[in-house]
Amino acid sequence: MSTTLSVASAKPRHKRVLPGFGLSLGSSLFFISLILLLPMTGLVMQTSNMGWSEYWYVITDERVVASYKVTIWAAVIASVFNGLFGLLLAWVLVRYEFPGKRILDALVDLPFALPTAVAGITLATLYAENGWYGQLLAELGIKVAYTPLGIVVAMSFTSIPFVVRTVQPVLEELAPEEEEAGITLGASDWSVFRRIILPSLWPALVTGVALSFTRSLGEFGAVIFVAGNMPYISEITSLMIFVRLQEFDFPAASAIASVVLIASLILLFAINIWQARYLKRLHGR
Amino acid sequence: MASGQRHQQRVGDSPAVKYTLIGLTLVMTAVLLVVPLISIFQQAFVDGLAVYWDSLGDPDTLHAIGLTLFVALLTVPINLVFGVLLAWSVTRFEFPGRKLLMTLMDIPFAVSPVVAGLLYLLLYGNNGWIGAWLFEHDLQLMFAWPGIVMVTVFVTCPFVARELIPLMQQQGREDEEAAVILGASGWQLFCRVTLPNIKWALLYGVILTNARAVGEFGAVSVVSGNIRGETNTLPLHIQLLYEDYQATAAFASASLLAVIALITLIFKAFIEWRQERAHKAESTH
Amino acid sequence: MSIRLENISKTFGQFQALSPLSLNIDEGEMIGLLGPSGSGKTTLLRIIAGLEGADSGRIQFGERDVTNLHVRDRHVGFVFQNYALFRHMTVADNVAFGLEVMDAKQRPNKSEIQQRVKHLLEMVQLGHLANRYPSQLSGGQKQRIALARALATKPDVLLLDEPFGALDAKVRKELRRWLRSLHDEIGFTSVFVTHDQEEALELSDRVVVMSNGHIEQVDEPAQLYAQPNSRFVFDFLGNVNVFDGKLEQSRLNNEQAWISAPSSDVPLTNGQLYIRSHELALHTDATAVANLPLRVVAVNPIGPEVRVELEPHEWQSEQIWEADLSHADYARNPVKRGEIVFAEPKNAYFFREGSQQAPEQVAWDNASTPAKVK
Amino acid sequence: MSIRLENISKTFGQFQALSPLSLNIDEGEMIGLLGPSGSGKTTLLRIIAGLEGADSGRIQFGERDVTNLHVRDRHVGFVFQNYALFRHMTVADNVAFGLEVMDAKQRPNKSEIQQRVKHLLEMVQLGHLANRYPSQLSGGQKQRIALARALATKPDVLLLDEPFGALDAKVRKELRRWLRSLHDEIGFTSVFVTHDQEEALELSDRVVVMSNGHIEQVDEPAQLYAQPNSRFVFDFLGNVNVFDGKLEQSRLNNEQAWISAPSSDVPLTNGQLYIRSHELALHTDATAVANLPLRVVAVNPIGPEVRVELEPHEWQSEQIWEADLSHADYARNPVKRGEIVFAEPKNAYFFREGSQQAPEQVAWDNASTPAKVK
Amino acid sequence: ADQTILNTSYDIARELFASYNPVFQKHWEEKTGQTVEIKQSHAGSSKQARSILQGLPADVVTFNQVTDVQILADRGKLVAEDWKQKLPNNSSPYYSTTAFLVRKGNPKNIHDWGDLAKEDVGLVFPNPKTSGNGRYTFLAALGYAQDQFGKDNTEAQNGFLKTFLANVAVFDTGGRGATTTFVERGIGDVLITFESEVNNIRQQYGVDDYEVVVPKTSILAEFPVAVVERNAKKNGTLDVSTEYLSYLYSEESQRLLASFNYRVHNDVVKAEVADRFPEVKLLTVEEIAGGWPQAMQNIFANGKQLDQLQRR
Ligand SMILES: Nc1ncnc2c1ncn2[C@@H]1O[C@H](COP(=O)(O)OP(=O)(O)OP(=O)(O)O)[C@@H](O)[C@H]1O
Ligand SMILES: Nc1ncnc2c1ncn2[C@@H]1O[C@H](COP(=O)(O)OP(=O)(O)OP(=O)(O)O)[C@@H](O)[C@H]1O
Ligand SMILES: [Mg+2]
Ligand SMILES: [Mg+2]
Ligand SMILES: O=S(=O)([O-])[O-]
């Protein structure tokens with residue numbers, strides 16, 4: 001004990017080289033506490049009003065559980081689709097020159113800017129059986145609006161920018177040499193893509209897909225207009241929260257919200273850690 | 001003698017692959033993003049231009065536009081400052097909990113906007129512990145513009161930081177260290193060395209923040225109180241018009257939002273174009 | 001596999017990176033591409049590999065015209081300047097890559113591949129690192145792995161872009177030697193890029209000196225060193241002192257200083273004498289051969305020879321002069337900083353003023369110097 | 001300004017990057033920090049600058065204790081390895097930066113700053129590039145600008161991290177000279193980091209050799225070269241051949257080969273003889289001094305001396321041997337590749353087996369060699 | 001304006017109050033010489049109640065849900081305990097009932113609740129879980145079933161209700177969504193919503209394309225109003241707020257309300273518009289479920305009758 005003390009006292013006080021550590025960290029923490037964490041206490045207090053068994057009862061209600069399944073499935077499909085389409089978009093935007101590229105690039109952010117309700121109404125208009133797409137799809141015997149498929153469409157629409165915008169910069173930074181090395185070794189384009197480029201993109205792609213997934217889990221405005229909201233079939237968890245709110249049951253609403261929130265945070269945190277490991281292997285730091 | 005032959009060098013550069021991918025992307029973008037956009041305008045103009053202008057000229061609509069811009073005007077600078085401070089602290093310093101801070105920053109992506117609104121309501125509403133105090137002191141945060149600004153700040157706060165962090169990480173601290181050694185104070189350092197290096201990313205973050213702030217629906221709807229001509233933002237107003245069997249007016253407002261979005265996005269494209277040109281000019285002389 | 005380049009040229013936008021150039025490389029040769037930064041070395045190497053397309057010209061590998069052949073089918077080994085190892089694969093997977101992506105027909109089976117990788121890793125003396133990731137290797141180790149990977153598919157041609165550029169002097173030397181012996185053992189044709197004169201001279205069978213997108217000279221190292229055919233090559237190859245003189249009374253004069261016409265070929269014009277730093281003797285007085293007063297600015301007695309830096313005294317030179325003396329010579333006349341000494345050339349190259357021709361080699365019969373070089 | 005380091009140590013997490021070390025640097029000295037990659041050179045330099053905090057110890061600049069002083073107030077010039085020029089500023093603005101951010105009280109006025117920048121740019125011979133951006137400069141030019149920027153505020157101490165690391169051999173040499181003369185002219189105290197032995201020896205007043213976070217030796221170049229006090233320094237400094245011998249009958253034996261005890265200090269134990277490559281003569285037969293049969297594997301006659309690579313014949317050595325002969329010596333006995341020759345040391349350093357002490361310098365009176373080095 | 005009040009109302013009442021407010025303003029000025037400004041807030045009435053509980057400074061509420069007013073009394077003491085007694089007709093100045101909108105020519109031949117449980121009939125009405133409108137619909141169907149199969153024959157009742165619920169094509173969260181689904185997306189054969197809405201929709205979307213069917217039995221849907229006393233007192237608007245609501249009972253106002261297809265109590269007006277409102281046997285919530293609290297608890301609460309009926 002005394003040795004550690006003496007060492008500590010012998011240690012020179014080193015001022016941080018770059019200015020603003022206290023200011024930037026302090027105000028960041030303050031801001032995060034005020035804007036992000038403090039409101040969370042509301043959630044915690046609401047749920048802590050209920051006992052554990054009641055909490056469990058609320059979050060495992062049959063219909064709520066069904067909504068988890070619907071939501072998760074739809075979000076999985078939507079984010080996987082976004083993974084593929086987002087990768088394609090990012091690839092085309094980074095690798096090729098063609099007229100209209102800038103417009104395409106700008107369009108990617110559109111779903112961020114459009115109010116979700118507008119998106120939902122518009123999608124419902126398009127995909128309803130008398131809509132532009134609905135008519136075509138009806139001929140193929142596919143129904144989108146008012147089915148779980150509609151949920152998928154709405155979710156992927158609102159969250160596509162996440163994938164594109166996380167993959168794009170990494171793809172831009174990718175050094176051509178690794179690719180060239182692969183080609184000189186005789187690999188086909190496909191092998192090079194699959195075995196060399198894709199592994200370098202994994203961290204970004206997975207992050208993008210995860211963000212897209214968590215956003216989809218929470219999506220409400222866009223989904224309810226196209227979902228049909230049939231019990232057990234196309235009710236999403238956000239709707240369950242909404243229902244609890246309509247019933248003035250704040251604790252129950254908070255409880256269900258907390259499930260989604262915790263799941264999302266765990267996912268994001270796990271991915272952060274996985275990504276750090278993966279990147280460490282890649283960059284050795 | 002063969003002359004002018006070109007080899008494909010990078011993966012996917014062969015014309016067949018290239019044009020297939022570009023084609024596929026354009027088609028999918030058209031289907032998933034462009035047609036919904038067009039459909040908004042189609043529904044806005046379905047009753048003719050006169051009706052369109054009329055519905056935009058409605059005093060409540062004008063007020064909603066004004067309020068929306070006002071909220072964005074407050075939100076953007078707040079998040080700009082916060083984003084820069086947060087990015088500065090996590091990229092320029094090592095401290096325990098850095099990773100956690102970066103995960104916390106993503107909370108708004110993981111929280112459904114409706115839940116976000118709810119969180120604020122639970123805290124600052126009359127039944128919340130802060131809200132009760134506010135009520136006693138006759139301070140109206142919720143159901144007034146401050147509440148709207150607060151939740152909008154919440155929902156949009158990751159955008160600036162998320163744009164800056166990767167860039168600042170990649171640029172490293174050396175430029176700043178050099179400036180400190182040369183005797184620059186914190187403020188000089190930031191304005192003269194850091195800012196010029198990050199200005200484009202910063203601007204992009206601002207544009208995204210703005211786009212999202214203007215379009216936010218779910219969270220705002222919870223805390224707004226929907227008072228016509230007072231706390232109705234444009235997205236809420238659209239919803240209200242729509243609920244009120246005024247679809248055309250609703251879509252006229254929606255198209256206005258889409259136009260705002262497009263203008264900001266085109267502005268962004270313009271900035272990028274300028275940036276590329278500046279970059280080229282710097283490296284070829 | 002021999003390589004034959006004919007009239008290869010390349011422009012990037014407006015910029016002519018390679019003027020039409022031709023080059024023949026024999027089977028089993030090791031060729032060094034030497035030149036300053038931006039002279040087009042990498043571009044030429046990439047064109048040979050097929051990573052870049054030439055604007056004009058023809059490339060043959062042996063009898064085969066490969067001009068329009070895709071990189072993938074040229075079957076060359078390429079070692080990138082910064083190694084370009086696949087970061088997400090282990091060392092073994094990196095080396096195995098070329099084998100694993102072969103056509104199903106040609107591809108060795110799993111155990112054969114393993115065997116082969118093991119053999120290659122042992123060849124580069126890194127068998128124990130098979131399961132490491134590239135980020136866990138030192139520069140020299142990475143370099144060897146990059147080589148093993150390039151050699152895995154048994155290419156006939158090995159191309160290397162500044163293979164030792166990023167390494168410590170010591171490691172560099174070791175690897176250089178090792179590459180040479182590997183080359184001699186396996187017998188592939190290799191072309192490597194460098195901007196280090198010593199490396200090019202030591203490692204190559206023939207050196208291609210490039211500047212500004214064209215080839216200045218192609219020769220064996222000794223020949224190149226003995227008979228550089230342009231000022232550029234001379235300048236680039238090593239420590240050289242330039243005496244800019246006007247012909248007067250069979251002497252080359254520069255203000256107070258002069259050098260007498262050498263006994264052999266009498267230079268008949270104004271021009272420049274290029275004198276290598278180790279072909280300069282230092283005396284306390286002017287000699288019959290030369291009157292080159294110089295002030296000693298630095299003496300560095302460390303290493304195999306003593307390096308003396310000199311500043312022209314009462315005459316003009318663009319650069320500082322340098323003399324490399326043997327320790328024995330230095331011991332005989334231990335010059336001090338600040339002293340004025342008189343230099344005497346033993347051997348030199350004469351560039352006639354205004355002429356672009358190769359220099360003439362000239363020599364003096366100086367009594368005061370020991371046995372003359374060749 | 002003199003610099004005094006006392007018991008400086010530094011750990012990164014678990015890793016001890018610097019063991020407690022002390023160092024005194026005199027005013028106006030130019031010190032080279034030399035060591036292999038990862039030995040802690042950059043860390044030490046950054047601690048001196050104040051960019052990194054030491055875990056323990058004290059730093060003094062002249063009489064002032066600066067241990068807890070912020071970088072900004074230490075008033076040092078620092079040149080980063082990759083220059084860290086401000087990309088968005090012109091060359092002139094880069095150089096002016098340090099002046100423009102001064103306190104209003106001290107800050108020179110606009111025209112003075114302009115004047116000063118002009119002067120600095122002329123000093124680094126780049127006055128004509130004032131309006132360029134860093135991305136439009138070559139590496140050497142960037143380096144000079146970085147120097148001008150660091151010198152603008154007239155620091156008393158100039159710190160440089162591998163100042164020439166990224167440059168061509170030729171440019172490197174030029175800049176090195178130029179830096180030295182600048183240093184002599186202006187008279188600041190400077191510390192530079194390098195892993196290039198030649199650079200350290202040529203440029204520094206004293207060299208600090210580092211390994212694994214501690215200082216191996218601090219000495220003037222000549223002294224360091226003449227009396228390396230450890231195997232590490234020896235190995236690191238240059239081409240050296242190691243003979244591992246067992247003492248028997250006043251000879252050091254290694255299988256068939258032997259070296260007789262030198263006339264001066266007789267080594268009394270087993271141990272290793274370190275022989276520099278230019279202190280080795282080659283003969284056609286064994287001499288009285290030594291019987292070291294070696295097979296010639298390569299001869300490189302280019303440059304100031306002829307380099308011969310040799311492989312032990314019927315005895316063991318971990319590395320290939322190397323002999324640097326003068327062209328004269330080589331002409332006397334022109335060895336060929338594949339031939340067996342006998343080496344004879346003129347001078348060597350003896351490390352006793354198991355001992356960590358400095359080596360003893362030993363010499364033989366070989367009749368066959370010319371004047372012995374000191 | 002001398003005074004400002006905030007009327008917090010349900011989402012589809014915008015035009016109604018846009019018409020009523022000038023009428024009242026005139027009345028108030030005549031009566032007191034003061035001007036009054038009326039601000040309107042519209043959203044789902046449960047959401048509105050929630051907002052008021054959390055601090056939305058509403059002076060009066062004009063809802064389409066008794067429970068939503070009651071909660072203001074129960075939870076926040078914002079509304080007088082006896083608010084129902086403060087104004088005539090349970091403080092409900094107008095009322096409506098649940099009716100059907102069918103497509104032109106009534107192709108599925110829908111005339112009463114019983115027809116809705118036929119095979120091959122697609123229903124559209126809002127989700128009882130999220131919408132008061134939907135709750136009325138369900139209670140009306142329950143009332144019909146009780147009438148039809150006897151109050152105690154729960155098995156038959158449930159059988160009917162199960163099929164009825166199974167026939168739902170889309171459950172929108174609110175009345176407006178359901179309307180859009182039925183009219184614009186062309187989904188379902190019957191839209192079930194308030195009679196007032198049904199008529200509005202028909203007028204809006206084409207008198208020829210749709211037909212209104214009013215079943216023989218249905219439910220009494222009250223549109224309760226109340227002064228949010230705590231806020232009104234704080235804002236000093238108690239008088240004007242009270243008058244704002246009372247004046248809804250005036251003949252002038254009742255006529256106005258009737259023009260929005262609501263049923264009203266004023267006898268004069270009633271006679272004037274009798275032809276537009278067919279005779280229906282109106283059951284009250286009390287009769288069907290014993291009252292709103294019981295209905296919420298036994299039918300709509302989590303896991304109760306509705307959930308059980310919808311269970312797969
Ligand atoms: N893709 C490209 N686009 C435009 N210019 C290029 C491109 N690649 C090379 N150049 C230019 O062509 C010239 C020759 O480049 P190259 O890379 O072959 O030089 P180098 O001799 O390898 O130089 P270094 O020693 O610096 O690697 C340079 O001026 C370079 O700027
Ligand atoms: N910020 C850091 N965090 C952790 N380890 C570090 C850090 N900086 C340096 N090190 C470690 O400290 C040791 C010494 O590093 P330093 O950069 O001083 O070496 P160096 O002698 O300058 O090497 P080089 O010649 O490669 O630049 C290295 O092993 C390095 O990995
Ligand atoms: Mg190159
Ligand atoms: Mg270093
Ligand atoms: O913005 S939401 O409608 O998804 O909550």
Side-chain angles (χ1 to χ4, degrees), chain B residues 39 43 46 58-60 63 114 117-144 146-148 217-218 220-232 236-251, chain E residues 4-18 21 37-45 47-59 72 75-78 126 131 133 172-180 183-184 197 200-205 228 230-231 234-235 260:
Chain B
S39 135
Q43 296 182 67
V46 79
D58 176 74
D60 282 348
H63 183 273
V114 173
L118 175 67
L119 294 178
Y120 272 78
L121 204 55
L122 292 178
L123 184 66
Y124 296 102
N126 279 356
N127 297 348
W129 53 279
I130 296 181
W133 183 88
L134 289 172
F135 181 76
E136 273 167 29
H137 293 79
D138 231 353
L139 293 170
Q140 187 85 36
L141 290 186
M142 296 295 107
F143 312 112
I148 299 176
F217 168 71
V220 170
S221 127
V222 175
V223 299
S224 133
N226 302 74
I227 307 171
R228 289 209 132 193
E230 197 166 312
T231 62
N232 241 16
L236 297 182
H237 187 64
I238 293 170
Q239 165 90 353
L240 194 66
L241 289 173
Y242 187 75
E243 295 284 337
D244 202 26
Y245 297 97
Q246 302 194 46
T248 308
F251 278 104
Chain E
T4 306
I5 60 171
L6 173 58
N7 173 18
T8 301
S9 189
Y10 53 99
D11 39 15
I12 50 181
R14 193 190 68 92
E15 278 188 75
L16 170 60
F17 286 99
N21 288 344
E37 187 195 341
I38 302 148
K39 290 192 287 183
Q40 286 292 143
S41 165
H42 296 281
S45 79
K47 185 177 165 229
Q48 295 290 54
R50 211 159 63 227
S51 299
I52 293 170
L53 281 177
Q54 297 286 6
L56 179 66
D59 298 283
L72 296 178
R75 289 253 181 125
K77 308 265 177 280
L78 290 157
S131 150
N133 187 339
D172 283 289
T173 47
R176 174 63 229 250
T179 306
T180 310
V183 175
E184 292 187 2
E197 276 296 285
N200 278 340
I201 295 161
R202 184 153 166 265
Q203 282 157 20
Q204 186 97 15
Y205 286 100
V228 186
R230 192 173 81 171
N231 293 348
K234 197 172 166 201
N235 301 341
F260 283 90

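Since we're looking at a predicted model, the values are computed, not measured. Letters A, B, ... mirror the listed sequences (proteins, then strands); counts begin at 1.
- For E:L6, the part lying near chain B is the side chain, with the backbone staying farther off; criterion is any non-hydrogen pair under 4.5 Å.
- Chain B forms the most heavy-atom pairs under 4.5 Å with one residue out of E:T8, E:T179, E:D11, E:I201, and that residue is E:T179.
- Only the side chain of E:T180 comes within contact range of chain B, with heavy atoms under 4.5 Å apart.
- When all heavy atoms are compared, the tightest approach of E:F17 to E:Q40 is CB-OE1, 3.5 Å.
- Residues E:S51 and B:V222 come closest through the heavy atom pair OG-O, 4.5 Å.
- Residues satisfying the ring-ring contact (aromatic ring centres under 6.0 Å, His included) test with B:F143, not counting sequence neighbours, are none.
- For the options B:L240, B:I227, B:T231, heavy-atom pairs under 4.5 Å to chain E are most numerous at B:I227.
- For the set B:A144, B:S221, B:A247, B:S224, the entry with the most heavy-atom pairs within less than 4.5 Å of chain E is B:S221.
- Ranked by non-hydrogen atom pairs under 4.5 Å with chain B, the options E:Q48, E:R50, E:R230 are led by E:R230.
- In this structure the side chain of B:Q140 reaches within 4.5 angstrom of the side chain of E:P57, judged on heavy atoms.
- Here salt bridge (charged side-chain N to carboxylate O under 4.0 Å, His left out) pairs that include residues 129-143 of chain B, with residues two or more places apart or in two chains, are B:D138-E:K234.
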